[in-house]
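Naming convention: chains lettered A, B, ... in sequence-line order (proteins, then strands); numbering from 1 in each chain.
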Protein chains: 2
Amino acid sequence: MHSTTLAALGEPSRLKIVDLLRGSPFPVGEIAERLGIRQPQVSKHLGVLREAGVVDVEPVARRRIYHLRAEPFEEIRDWLDSFEELWQTRLDSLETVLASMENPTQDDTR
Amino acid sequence: MHSTTLAALGEPSRLKIVDLLRGSPFPVGEIAERLGIRQPQVSKHLGVLREAGVVDVEPVARRRIYHLRAEPFEEIRDWLDSFEELWQTRLDSLETVLASMENPTQDDTR
DNA sequence: AAGACATATTCTCGTCAAGGAATATATTGT
DNA sequence: ACAATATATTCCTTGACGAGAATATGTCTT
């Protein structure tokens with residue numbers, strides 16, 4: 001899991017853009033209009049998102065339709081999946097770890 | 001979905017910390033040691049992660065054991081879930097949208 | 001209580017990123 | 001080709017962030 005993807009999503013305006021594109025692809029102007037962000041900033045944010053592989057462009061007439069790409073989200077999902085196995089283990093492992101945490105010469109009768 | 005969580009994870013060192021804690025809780029010093037990051041920076045990063053609700057602390061003796069919290073990850077997962085339904089629809093919806101995208105007076109015989 | 005150990009905090013500096021405004025660069029439709 | 005429209009880019013300023021170094025704040029242990 002690279003931090004680049006998460007960093008791209010970790011900016012309020014960009015997250016809004018992604019949430020908008022979640023519903024349907026949109027051209028730059030309409031994204032700007034719907035979110036109340038000026039067009040240049042939208043272009044910049046889309047640039048970041050594109051470099052991070054989060055979105056892709058499809059030119060249609062004189063506009064550029066931006067849409068989400070599935071890969072980065074699948075990657076995040078896979079990453080999260082590698083956690084899931086551990087949550088149950090974690091619940092008691094925490095106490096286990098707390099107890100066994102390098103208290104070699106110590107006896108717990110405190 | 002708030003960008004705060006993603007922003008917290010969108011930093012290389014912090015992501016490494018999270019990946020380490022994925023395996024097991026650890027005290028600050030050991031995190032620093034294992035990742036080769038100086039203790040003060042680790043403390044700072046842990047502070048950010050804690051404020052974002054990604055980790056929590058458990059004082060044990062004179063150290064502070066940091067461990068992951070499940071909630072933020074579940075939140076991300078839920079967010080991703082709201083996408084999944086759309087991926088299949090998206091595949092053809094893209095073309096659909098591209099075609100029907102405000103080309104009212106246009107006929108596609110180009 | 002003192003000393004040792006673990007962690008947090010402060011300060012400074014350099015860098016990077018974001019917003020605003022203006023402008024450049026297409027690309028289209030007539 | 002021209003005017004219009006859509007998007008990208010540049011320049012600037014400002015604020016936030018991260019690393020480094022030094023130091024402060026705890027908190028056991030004896």
Side-chain angles (χ1 to χ4, degrees), chain A residues 3-18 21 25-52 54-67 97-98 101-110, chain B residues 3-4 6-18 21 25-52 55-67 97-98 101-110:
Chain A
S3 56
T4 315
T5 310
L6 296 168
L9 298 172
E11 201 278 335
S13 299
R14 285 198 291 267
L15 188 55
K16 284 178 195 155
I17 292 177
V18 169
L21 295 184
F26 281 112
V28 179
E30 197 161 343
I31 297 176
E33 187 183 331
R34 295 206 181 206
L35 300 183
I37 308 175
R38 298 167 198 278
Q39 178 267 315
Q41 338 287 358
V42 173
S43 280
K44 290 183 209 169
H45 283 309
L46 287 171
V48 175
L49 289 172
R50 207 179 102 262
E51 287 203 358
V54 176
V55 302
D56 207 349
V57 208
E58 211 74 35
V60 168
R62 63 187 115 185
R63 349 188 193 171
R64 316 199 73 193
I65 312 296
Y66 281 83
H67 62 97
V97 173
L98 294 182
M101 202 123 226
E102 326 255 349
N103 276 24
T105 51
Q106 210 68 12
D107 113 65
D108 296 339
T109 354
R110 171 177 311 274
Chain B
S3 57
T4 315
L6 296 167
L9 298 172
E11 202 278 335
S13 299
R14 285 198 292 266
L15 189 54
K16 284 179 196 156
I17 292 177
V18 169
L21 295 184
F26 281 112
V28 180
E30 199 161 341
I31 298 176
E33 188 183 331
R34 296 205 180 206
L35 300 183
I37 307 176
R38 297 166 199 278
Q39 178 268 317
Q41 338 286 356
V42 172
S43 280
K44 291 184 211 169
H45 283 310
L46 286 172
V48 175
L49 289 172
R50 208 178 103 261
E51 288 203 358
V55 302
D56 207 350
V57 208
E58 212 74 35
V60 169
R62 63 188 117 184
R63 346 187 196 172
R64 317 198 73 193
I65 313 295
Y66 281 83
H67 62 96
V97 173
L98 295 182
M101 203 120 225
E102 326 253 348
N103 276 24
T105 52
Q106 210 68 14
D107 113 66
D108 298 338
T109 356
R110 171 178 309 277

Should B:Val42 and B:Leu35 count as side-chain neighbours, where that means a heavy-atom distance under 4.5 Å?
-> no
Determine the contact category for A:Arg14: base if any of its heavy atoms lies under 4.0 Å from a base atom, sugar-phosphate if only primed atoms, P, OP1 or OP2 are that close, otherwise nothing.
-> sugar-phosphate
Do B:Arg14 and B:Leu9 touch side chain to side chain, with heavy atoms closer than 4.5 Å?
-> no
Which atom of B:Val48 lies closest to which atom of B:Ala8, heavy atoms considered | CG1-CB, 4.4 Å
Heavy-atom check, side chain of A:Leu46 versus side chain of A:Ile31, under 4.5 Å = yes
Winner on side-chain proximity to B:Arg63, out of C:dG19, C:dT7, C:dT28, is C:dT7
Taken to the nearest whole Å, CD/A:Glu11 to C1'/D:dA16 is 12 Å
Is there side-chain contact between B:Arg63 and B:Val28, with heavy atoms separated by less than 4.5 Å?
-> no
Take atom CZ of B:Arg62 and atom C1' of C:dG3, then tell me their distance rounded to the nearest Å.
-> 10 Å
Closer than 4.0 Å, any side-chain N/O of A:His45 to the OP1 or OP2 of C:dA17?
-> no
Nearest-angstrom distance from the residue atom CD1 of A:Ile37 to P of C:dA18 | 12 Å
Spacing of A:Glu58 atom CD relative to C:dT27 atom C1', expressed in whole Å | 16 Å
Which whole-number value in Å describes the distance from A:Leu9 CG to C:dA17 P?
-> 16 Å
Return the polar atom pairs (N/O with N/O) between nucleotides 8-10 of chain D and the protein under 3.5 Å, or none.
unit_1	atom_1	unit_2	atom_2	d
D:dA8	OP1	A:Arg64	NH1	3.3
D:dA8	OP1	A:Tyr66	OH	2.5
D:dA8	OP2	A:Ser43	OG	2.6
D:dA8	N7	A:Gln39	NE2	2.7
D:dA8	N6	A:Gln39	OE1	3.3
D:dT10	O4	A:Lys44	NZ	3.4

How many Å lie between CD on A:Glu30 and P on D:dT5, as a whole number?
-> 17 Å
Rounded to whole angstroms, how far apart are CD1 on A:Ile65 and C1' on D:dT7?
-> 12 Å
All heavy atoms of A:His45 vs all of A:Ser13, minimum pair found to be NE2-CB, 3.7 Å
Does A:Arg38 make a side-chain N or O approach to OP1 or OP2 of C:dG20 shorter than 4.0 Å?
-> yes
Would A:Leu21 and A:His67 count as a side chain to side chain contact (heavy atoms under 4.5 Å, CB included) if you check the C-alpha gap in whole Å, the side-chain angles of each, and the deciding distance to 0.1 Å?
-> CA-CA 6 Å; A:Leu21 295 184; A:His67 62 97; 6.0 Å; no
